[in-house]
Structures are given as C-alpha cells and as structure tokens.
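The sequence lines fix the lettering, A, B, ..., with proteins before strands; numbering per chain opens at 1.
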Number of protein chains: 2
Amino acid sequence: MITLPEKTVERLCKYRRVLYNTISAGKQHIFSHELANLLQITPVQVRRDIMLIGYSGTLRKGYDIKDLISLIGNILDTPEGQKAAIIGLGNLGSSILTYFNGKRAKLSIIAAFDIDPQKTNRVFGGVQCYPVDRLEEVIKAQGIRLAILTVPANQSPDIVEVLAMSGVKGIMNFTPKALHVPDNIYLEEYDMVTSMEKVAYFIKQN
Amino acid sequence: MITLPEKTVERLCKYRRVLYNTISAGKQHIFSHELANLLQITPVQVRRDIMLIGYSGTLRKGYDIKDLISLIGNILDTPEGQKAAIIGLGNLGSSILTYFNGKRAKLSIIAAFDIDPQKTNRVFGGVQCYPVDRLEEVIKAQGIRLAILTVPANQSPDIVEVLAMSGVKGIMNFTPKALHVPDNIYLEEYDMVTSMEKVAYFIKQN
DNA sequence: TTTTAATTGTGAAAATGATAACAATGTGAA
DNA sequence: TTCACATTGTTATCATTTTCACAATTAAAA
Ligand SMILES: NC(=O)c1ccc[n+]([C@@H]2O[C@H](COP(=O)([O-])OP(=O)(O)OC[C@H]3O[C@@H](n4cnc5c(N)ncnc54)[C@H](O)[C@@H]3O)[C@@H](O)[C@H]2O)c1
Ligand SMILES: NC(=O)c1ccc[n+]([C@@H]2O[C@H](COP(=O)([O-])OP(=O)(O)OC[C@H]3O[C@@H](n4cnc5c(N)ncnc54)[C@H](O)[C@@H]3O)[C@@H](O)[C@H]2O)c1
C-alpha cells in the first residue's frame with residue numbers, strides 16, 4: 001500500500017465523519033460537490049482524494065456512501081484498533097481524555113500517566129492513571145503505539161525518550177516545545193499559542 | 001508590507017519563543033544552525049525565513065538576538081495589542097482561558113461568552129463571562145477581532161455568523177465542524193480528532 | 001599579513017499540494 | 001430512440017514550501 005499525502009489523510013478523516021451523518025440521514029449516494037459543500041472544499045479535491053484511494057463512483061449517481069466509509073476505514077484503521085496513552089492528566093490532559101474516548105471506534109485512549117500521587121492509581125473517565133515511572137512497562141505490556149503529550153513543557157524531552165524506548169510510533173505533542181524524535185516516530189505538533197499568533201498576524205495583515 | 005508565507009509566520013512565533021530563552025541565558029548572537037537545532041528544523045530554513053523578513057545577520061557572528069526579537073515583534077504584534085474572546089466556557093474553553101493569558105504580551109483573551117446562566121456574569125481567570133446574546137455588542141464595544149470557538153459543534157455555524165457581523169477578523173475553531181466564513185476572515189482549524197487519526201494512519205503505514 | 005574555514009544570503013531545483021480543464025460516459029428527458 | 005448535460009476521472013498547470021548548491025565574505029588562525 002502506498003502512502004497517501006498527509007493532507008489527503010486529513011480529509012479522509014473528515015469525509016468519514018460527515019458521511020456517517022449523511023448515512024444516518026438516510027442517503028445512500030453522494031456527489032463530489034455535496035461532500036465538498038459539507039466540508040467547505042472544492043469538488044475537484046474530493047474527486048482527487050477519492051481517486052487516490054482507488055475508489056470509483058458511478059457516473060451521474062455519485063459515490064456509494066457505505067462503500068466509501070468502509071474503504072476509508074480500511075485505510076485509516078487497523079482491524080484490532082489503535083491504542084493510545086495520555087501523559088500528564090492536568091487541565092488539558094483530562095479534558096482531552098474525557099472528550100476523546102468514544103469518538104472513534106478503532107482508536108481509544110486506554111491508559112493515562114501522571115507524576116502526581118493524587119492522580120495516580122485512580123480511574124478517570126474509565127481509564128486507569130498509572131504513575132509515570134511505569135510508563136515503559138505499561139506501554140509495552142498493552143501494546144500502546146500512540147502517545148498524547150500533555151505534561152509541562154520542560155518535562156517533554158525526557159518523556160519522549162522513554163516513549164521512544166517503549167515502542168511508541170506516533171506522538172501528539174501539545175506542549176510548546178520542539179521535540180526530537182527518531183525517524184520512525186511520527187510527530188504531530190499541536191501548538192496552540194503559535195496558532196493564535198498566526199491568526200493574529202493574518203488579522204493584522206488585511 | 002508584503003504578506004509572509006503561512007509556514008514562515010508559524011516559525012517566526014517559534015523563533016521568538018526560543019530566542020527569549022537564549023537571551024535570558026546571556027547570549028547576544030545566534031547562528032542559523034543553533035536556532036535550527038532548538039526547533040528541530042534545518043539551518044537553511046532559518047536563514048530563508050530571516051531573509052524573508054528582511055533582516056541580515058553578521059557573517060561569522062550570526063544574528064543579533066535582541067534585534068531579531070524586536071523585528072519579529074514588529075511583524076507579528078500590533079502596538080496596541082490584539083484582543084481575543086472565547087466562546088463556550090466548557091471543559092476545553094476554560095482550560096484554554098486559564099492557560100493562555102499571560103503567555104503573550106500583545107495578545108490576550110479579554111472576554112468570554114457562554115449560554116449557561118451558571119457561568120455568565122461571573123469572572124474566570126480574570127476574564128468576565130458574558131451571556132452569549134451580548135456577543136455582538138461586547139465584541140464591537142471592546143474592539144475584539146479574534147475569536148476562539150469552543151462551543152458544542154452544532155452551535156458553531158450560528159455563532160460564526162454573529163462573529164462575522166461583529167467585526168471579528170480571525171477565528172480559531174476547536175469544534176469538529178467545517179465552518180463557512182467570508183473571505184475577509186482568517187480561519188484556523190484545530191481539529192484534534194482528525195489529527196489523532198492522521199497520526200494513527202502514519203503509525204500504521206511504516 | 002595571508003590563509004583557512006565558517007557562515008550568510010540566495011537563485012534554482014525539487015517536492016508537495018491545489019486548481020483548472022476537459023474528455024469520457026451513461027442517465028434521464030424529450 | 002436520440003439528445004443534452006451532469007458528473008466522474010485524470011492530466012496538465014499553478015502555487016506554495018522545502019531543500020540544494022554555492023558564491024560571497026570576513027573572523028580568526030597561522
Ligand atoms: N491548558 C491548556 O489549555 C493548554 C493549551 C495548550 C497547551 N498546553 C500545554 O499542555 C501541557 C499541560 O498543560 P496543563 O494546563 O494541562 O498543565 P497542568 O499543570 O494542569 O497539567 C500538567 C500535568 O502533568 C503532570 N506532570 C508533571 N510532570 C510530569 C511528569 N514528569 N510525568 C507525568 N506527568 C507529569 C502534572 O502532575 C499535571 O497533572 C503544558 O505543556 C502546556 O503548555 C495546555
Ligand atoms: N474537551 C476537549 O478536550 C475537546 C477537544 C477537542 C475539541 N473539542 C470541541 O470543543 C467544543 C467544546 O468542548 P467541551 O468539551 O469544552 O464541551 P463542554 O460541553 O464542556 O463545553 C461547551 C460549553 O459551551 C457552552 N455553550 C453551549 N451552547 C452555547 C452557545 N450557543 N453559546 C455559547 N456557549 C454555549 C456550554 O454552556 C458549555 O459551557 C466541542 O465542539 C468539542 O467538540 C473539545
């Protein structure tokens with residue numbers, strides 16, 4: 001299987017999300033321009049993405065919604081589901097934990113870690129919070145491959161090292177710290193303050 | 001002033017952040033490769049960005065850190081500061097509110113809005129929470145031009161319409177809903193679930 | 001002073017991503 | 001049945017972003 005462009009992958013996630021809605025609204029087929037309208041993008045982009053995943057619609061009938069959902073599932077999901085852990089159960093971390101689980105069938109947070117004894121060895125939103133010194137052990141034992149990093153920024157480099165040793169293959173970094181990860185780990189930066197400043201700049205610009 | 005590429009703007013924010021650290025560590029000049037190391041990017045990219053903002057370093061001495069910080073400030077900040085509002089003071093909204101203020105000198109959240117009477121007409125983290133039906137009035141009165149959207153997803157289209165009428169020029173959207181905004185509003189999507197699925201895909205891929 | 005080596009600045013190339021343009025085609029209207 | 005046209009699939013073009021490659025320069029070493 002070839003690797004899809006990053007932007008296409010992002011859009012596939014969104015296609016699937018809105019397709020679920022349209023199917024529960026009773027629709028069976030959808031045109032590229034309809035899907036495009038739902039996501040505020042262009043119909044060409046929809047068609048191109050669908051081309052890239054090797055699916056074909058029916059001329060003048062559009063795309064079969066169920067087929068499309070299932071094909072996107074084949075591409076994005078793993079059959080057994082992807083397991084994630086969240087490190088740092090503070091304000092942001094616990095907000096994400098509560099919010100996220102249940103959103104996606106094949107992707108769930110199954111462990112949390114913190115250093116604060118008030119939080120460890122308790123259950124939050126159905127998820128066990130372990131002391132952070134058990135990070136490697138638990139991640140290996142449970143086969144976790146995705147980590148969400150919501151510790152204080154100065155802690156993140158150390159944690160990342162342990163994560164790498166534990167076999168984690170993808171990290172979502174919410175801390176405002178540029179992380180150094182080995183090549184085989186996919187890193188997604190999620191830096192809110194930077195994004196805010198960027199928006200402020202483009203406001204200023206017009 | 002010409003408009004800088006989006007990616008360059010993002011990096012400028014990050015340059016400034018790490019430059020503050022290096023200056024408090026007593027350094028006065030910095031080489032492109034040093035700055036690059038701090039952010040895990042390439043030295044060429046640093047040099048090109050600095051070229052784009054029209055600054056010049058000294059050969060074999062590097063860039064003057066104070067000059068660079070101040071120039072980046074001229075580009076990113078407005079002298080009077082940019083005012084932001086947050087709409088929806090739930091889990092995520094209040095987490096952001098507490099976190100954000102104080103982070104940037106020229107960018108602050110000065111008003112919050114909610115629909116819940118338990119939350120309105122109170123002060124959170126030093127910020128007044130208004131009932132959402134006063135959105136337009138307050139935003140206009142206070143000259144707010146940036147909005148952070150953390151309401152339930154189904155509410156966001158309506159809110160966006162009011163925001164547009166109120167003169168808001170930039171929106172950070174944390175809701176998983178594709179928004180339709182007029183051309184003169186800069187929209188930044190911040191869709192966590194999509195990002196998580198993307199990471200999961202790239203984990204699966206290698 | 002002369003040489004060496006490190007560093008900047010930048011044009012050109014490569015990679016990634018979005019849009020335009022249009023041929024192909026089959027559905028439904030006439 | 002025939003025709004018009006809506007819609008797909010795809011190639012070619014355009015735009016943005018990153019990387020390469022290297023000339024220019026000068027601080028420090030010799
Ligand atoms: N709060 C926000 O809205 C927000 C937004 C953007 C980014 N962030 C970033 O997210 C991170 C967390 O922010 P927060 O507001 O939740 O902070 P917080 O202080 O509320 O939470 C941090 C948590 O990490 C735990 N922790 C500390 N050291 C640890 C370690 N070594 N191992 C494991 N856990 C450890 C703490 O006990 C605490 O529970 C910070 O890096 C912050 O910059 C927060
Ligand atoms: N919690 C998270 O970590 C997280 C992460 C990513 C995205 N999100 C998104 O952020 C949004 C908020 O999530 P949350 O977890 O904070 O939910 P929440 O229910 O805790 O907060 C929503 C808040 O919005 C208020 N509200 C409802 N309708 C409103 C209206 N018309 N005008 C103004 N305020 C209104 C509610 O009173 C509540 O305070 C959602 O769209 C969610 O999908 C949340």
Asker: With sequence neighbours left out, what residues match A:Arg134 under side chain to side chain donor-acceptor pair (under 3.5 Å)?
Answerer: A:Glu137
Asker: Checking A:Asn101 side chain against A:Ile109 main chain: does a donor-acceptor pair fall under 3.5 Å?
Answerer: yes
Asker: Just grab all the side chain to side chain donor-acceptor pair (under 3.5 Å) pairs involving residues 142-153 of chain B, residues at least two apart or on different chains.
Answerer: B:Tyr130-B:Gln142
Asker: Figure out the CG/P separation between A:Asp67 and D:dT8, and round it to whole Å.
Answerer: 15 Å
Asker: Starting from C1' on D:dT8, measure out to CD1 on A:Ile30 and report it in whole angstrom.
Answerer: 15 Å
Asker: Of all nucleotides in DNA chain C that come within under 4.0 Å of a heavy atom of chain A, which is furthest toward the 5' end and which toward the 3' end?
Answerer: C:dG17 to C:dT27
Asker: For B:Lys140, enumerate each residue passing the side-chain contact (heavy atoms from CB on, under 4.5 Å) test, keeping only those at least two apart in sequence or located in another chain.
Answerer: B:Glu136
Asker: What pairs meet the side chain to side chain donor-acceptor pair (under 3.5 Å) rule with one or both residues in residues 72-92 of chain A, with sequence neighbours excluded?
Answerer: A:Arg16-A:Asp77
Asker: Hey, what bend do you get for the helix from C:dT1-D:dA30 to C:dA30-D:dT1 if you fit axes on five pairs at each end, rounded to 10°?
Answerer: 0°
Asker: Once you apply a heavy-atom cut-off of 4.0 Å, does A:Thr8 come out as touching a base, just sugar-phosphate, or nothing?
Answerer: nothing
Asker: Between B:Asp158 and B:Val162, is there a donor-acceptor pair closer than 3.5 Å when you use the side chain of the first and the backbone of the second?
Answerer: no
Asker: Restricting to side-chain contact (heavy atoms from CB on, under 4.5 Å), what partner residues turn up for A:Thr58, sequence neighbours left out?
Answerer: A:Lys61
Asker: Examine distances only and state if a side-chain atom of B:Lys204 and a backbone atom of A:Ile75 form a donor-acceptor pair shorter than 3.5 Å.
Answerer: yes
Asker: Give me the residues of residues 190-206 of chain A where at least one heavy atom lies under 4.0 Å from an atom of DNA chain D, by number, or none.
Answerer: none
Asker: In residues 31-43 of chain B, what residues come within less than 4.0 Å of DNA chain D, judged by heavy atoms?
Answerer: B:Thr42
Asker: Within a strict 4.5 Å, meaning less than it, do heavy atoms of the A:Tyr186 and A:Glu6 side chains meet?
Answerer: yes
Asker: Do side-chain atoms of B:Ser24 reach the backbone of B:Tyr20 as a donor and acceptor pair under 3.5 angstrom?
Answerer: yes
Asker: Minimum heavy-atom separation for B:Glu188 to A:Ser195, with atom names?
Answerer: OE2-OG, 3.5 Å
Asker: Rounded off to whole Å, could you give me the CG-to-P distance for the A:Asp64 and D:dT7 pair?
Answerer: 17 Å
Asker: For A:His29, which residues count as a ring pair (Phe, Tyr, Trp, His ring centres under 6.0 Å) partner, sequence neighbours excluded?
Answerer: none
Asker: Taking A:Phe31's backbone N and O only, do any of them form a donor-acceptor pair with A:Glu34's side chain (distance below 3.5 Å, no angle check)?
Answerer: yes
Asker: Can you tell me the distance, in whole Å, between the CD atom of B:Gln45 and the C1' atom of D:dT16?
Answerer: 13 Å
Asker: Between D:dA15 atom P and B:Glu6 atom CD, what is the distance in whole Å?
Answerer: 17 Å
Asker: If I compare all heavy atoms of B:Asp191 with all of A:Tyr190, which pair ends up nearest, and what's the gap?
Answerer: C-OH, 3.0 Å
Asker: Between protein and nucleotides 20-28 of chain D, what N or O pairs are separated by less than 3.5 Å?
Answerer:
unit_1: D:dA27; atom_1: N3; unit_2: B:Arg60; atom_2: NH1; d: 2.6

Asker: Quick test of your reading: applying side chain to side chain donor-acceptor pair (under 3.5 Å), list the pairs with at least one residue in residues 38-51 of chain A, sequence neighbours left out, ordered by first then second residue.
Answerer: A:Thr8-A:Asp49, A:Arg11-A:Asp49, A:Tyr15-A:Asp49, A:Ser32-A:Arg47, A:Gln40-B:His180
Asker: Please confirm whether the backbone N or O of B:Pro79 pairs with a side-chain atom of B:Lys106, one donor and one acceptor, at under 3.5 Å?
Answerer: yes
